[in-house]
2 protein chains.
Amino acid sequence: MLDCNESDISMPAIARTTPIARDDREPTNPYRVDMDLDDEADELSHLNIPDVVIRRLPIYVRTLHSLLEKEQTSVSSEELARMIDVTAAQIRRDLSYFGKFGKQGKGYDVGYLSDTIERILKLDRTWGMVLCGMGKLGHAIANYRGFQRSSFEITGLFDSDESAVGEVVNELPIRPMRELVDTIREEHIRVGIIATPRVNAQETADMLVEGGVEAILNYAPVILRVPAHVTVREIDPVSALQSMTYYISE
Amino acid sequence: MLDCNESDISMPAIARTTPIARDDREPTNPYRVDMDLDDEADELSHLNIPDVVIRRLPIYVRTLHSLLEKEQTSVSSEELARMIDVTAAQIRRDLSYFGKFGKQGKGYDVGYLSDTIERILKLDRTWGMVLCGMGKLGHAIANYRGFQRSSFEITGLFDSDESAVGEVVNELPIRPMRELVDTIREEHIRVGIIATPRVNAQETADMLVEGGVEAILNYAPVILRVPAHVTVREIDPVSALQSMTYYISE
DNA sequence: ATAGCATTGTGACATTCTTCACAACTCCTG
DNA sequence: CAGGAGTTGTGAAGAATGTCACAATGCTAT
Ligand SMILES: NC(=O)c1ccc[n+]([C@@H]2O[C@H](COP(=O)([O-])OP(=O)(O)OC[C@H]3O[C@@H](n4cnc5c(N)ncnc54)[C@H](O)[C@@H]3O)[C@@H](O)[C@H]2O)c1
Ligand SMILES: NC(=O)c1ccc[n+]([C@@H]2O[C@H](COP(=O)([O-])OP(=O)(O)OC[C@H]3O[C@@H](n4cnc5c(N)ncnc54)[C@H](O)[C@@H]3O)[C@@H](O)[C@H]2O)c1
């Protein structure tokens, strides 16, 4: 019983241009014209959606994909919750920030939900990325195949060391940092990765921001200072380890 | 203040097992007889301390170290807060879970505070770690020098592929998975790193747990199921990227 | 000593996040 | 087409986390 016809629900475009208006309709409206309502999902709404929720979304997507691989077409919040180890209520609440995507008594259509969340996260396109700092870590990242399959693609490699410039890694040449800002501008890059030594991370971040990057994945162990419109996420295995030992018994 | 909500100190998305709460002694007692804080609260107190707090501690340590490098011996919560981009009150509150380490009017002694937090996190020793999955990522991790300087040391490399076995990486030989459980037991290893393909991560985790590991750093994109006494932290750059694109304008 | 400044540690309060629990709906069966 | 089973979406309650603001205290200078 896993049919699950295509959801008759038209895609609630997760907002494009719509004036502010935090529409406060009465929830218990017996006449839900649905769709259109969902459609107007308040723009700028992301200012209101908790970042914790946004951070869980990729996990939902990943899990839904794994269901798709198994050709499972329908899933309940309960089942999804068991797979991820969160509560079903949390999943439903998280999704409710964006609209209504399930069917009572039935659950969610796996493909539809997955597509929807991807659209919410703007994963329905490929994001070019510049990678700064082509040492050991930079090489490893440049060779990593996992990004392409996930809406990301490294399109430029940069290093300040002129003697590293020119080397080709995974089909891309390493270029000098002085070309970074212009490249970001010309290619409309919005995402940057920092893999430079700790002490150079801030200056690199400054250049990325100057070029117009709005998202930075930072592998260097420093807290970066960036303007409010730029998002930074740290990849920091050492901190992760250091916070786990606290719990070790004995 | 400017506290751009990102670049914050937290990490992976999904929170595994909620804070373990037991042993709830002492509600708000107006008469804190409290005292010998040096004596450091009871051993079991960590059951009450929020995991968010624990996760921030490594950042404090890292920042204190950077002050030590500059030979700065004293720091106020205010100054520390500015460096890390959290509020001073949060730092003071976080530390207050463990005792009193500052001096009114003066601030904190950098060296002492840093040592203290390290002791809290059990970083006052070196933790041996086993690394499972010696593909590209495994090699990169094995060669990474950043662990040694942070209370961690990889002491065993394992791979299921017999043809990889025997190769020496960074002075350690790759060994077969069948030796994993016994090695963990014999060497009293408490920390494991998973760098196997996604589909093999769970079975690897099971073996680590069987051997007695209590902390797992997981690079594979799956949510692992482990007993409650085992802590898992995910390193997941793809999820990090996928949650940042949400905020990109346009 | 004493004044005055700086800064902690923490109750009280505020905000954010999670979970409960149930009405409302969908679908199926007979 | 009624009844039952299953599951969503969400107010309301609850738990957790974060911030305020200030008494208490240490330090320095005079
Ligand atoms: N988060 C992680 O998983 C992880 C893992 C390994 C290393 N690291 C961190 O990543 C960083 C790099 O590590 P690594 O082992 O590759 O070091 P590395 O020394 O091998 O490489 C650093 C590279 O950055 C280049 N560089 C220096 N200054 C630069 C600048 N201003 N702009 C651009 N490039 C610059 C150098 O020329 C060099 O090629 C370090 O900060 C390290 O702590 C993080
Ligand atoms: N989080 C990150 O930053 C990051 C980066 C790169 C890769 N990854 C992930 O890390 C994993 C490994 O990536 P990779 O590029 O090194 O892949 P890889 O194929 O090069 O290496 C995988 C290795 O694991 C070994 N292996 C397979 N099954 C095993 C088992 N049951 N026990 C022990 N070893 C086993 C294989 O023999 C191989 O040597 C993948 O899950 C990938 O998605 C994560």
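Letters A, B, ... mirror the listed sequences (proteins, then strands); counts begin at 1. We use all heavy atoms of the structure for the numbers below, so side chains are in, but hydrogens, waters and symmetry mates are not.
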On DNA chain C, compare the nucleotides closest to B:Ala88 and A:Asp94; which residue's is nearer the 5' end?
B:Ala88
Do you see a donor-acceptor pair shorter than 3.5 Å between the side chains of B:Ser243 and A:Arg233?
yes
Closer than 4.0 Å, any side-chain N/O of B:Thr87 to the OP1 or OP2 of D:dG18?
no
Calculate the interatomic distance between A:Arg92 atom CZ and C:dC22 atom C1'; express it in whole Å.
11 Å
Taking B:Leu217's backbone N and O only, do any of them form a donor-acceptor pair with B:Glu234's side chain (distance below 3.5 Å, no angle check)?
no
Have B:Tyr247 and A:Asp51 got a donor and an acceptor in their side chains that come within less than 3.5 Å?
yes
Ignoring hydrogens and angles, state whether a donor on the side chain of A:Arg92 or A:Ser77 is under 3.5 Å from an acceptor on the partner side chain.
yes
What I want to check is whether the side chains of A:Gln202 and A:Asp206 have a donor and an acceptor closer together than 3.5 Å.
yes
Rounded distance (Å) that lies between atom P of C:dG11 and atom OH of B:Tyr97
12 Å
Euclidean distance, atom CD1 of residue B:Ile91 to atom C1' of C:dG9 [Å, nearest integer]
14 Å
OP1 or OP2 of C:dT18 versus the side-chain N and O atoms of A:Arg56: is any pair under 4.0 Å?
yes
side-chain contact (heavy atoms from CB on, under 4.5 Å) between B:Arg225 and A:Asp85, intermediate numbers included:
CA-CA 8 Å; B:Arg225 321 210 122 263; A:Asp85 196 24; 4.1 Å; yes
Checking side-chain contact (heavy atoms from CB on, under 4.5 Å) for the pair A:Gln72/A:Glu79: CA distance, chi angles, key distance, verdict?
CA-CA 12 Å; A:Gln72 182 174 337; A:Glu79 183 180 8; 3.1 Å; yes
With a 4.0 Å limit, can you tell me whether A:Tyr108 has a side-chain N or O closer than that to the phosphate oxygens OP1/OP2 of D:dG9?
yes
Less than 3.5 Å between a donor and an acceptor, one on the side chain of A:Arg93 and one on the base of C:dT19, is that the case here?
yes
Check nucleotides 26-29 of chain D for protein N or O atoms closer than 3.5 Å to its own N or O atoms and list the pairs.
unit_1: D:dG26; atom_1: O4'; unit_2: B:Gln104; atom_2: O; d: 3.1

B:Gln90 has a side chain; which of D:dG18, D:dC22, D:dT10 sits nearest to it?
D:dG18
In whole angstroms, how far is the C1' atom of D:dT17 from the CG atom of A:Asp51?
15 Å
Could you give the CG-to-P distance, from B:Leu80 to C:dG9, as a whole number of Å?
13 Å
Would you indicate which nucleotide in D:dT7, C:dC20, C:dG9 comes nearest to any side-chain atom of A:Ala89?
C:dC20
Grab the CD-P distance between B:Glu78 and D:dC20 for me, whole Å please.
11 Å
Nucleotide D:dA16, atom P - distance to CZ of B:Arg55 in whole Å
16 Å
Establish, with yes or no, whether the OP1 or OP2 oxygen of C:dT8 is under 4.0 angstrom from a side-chain nitrogen or oxygen of B:Ser77.
yes
A:Asp109 CG to D:dT8 P, in whole Å, measures 13 Å
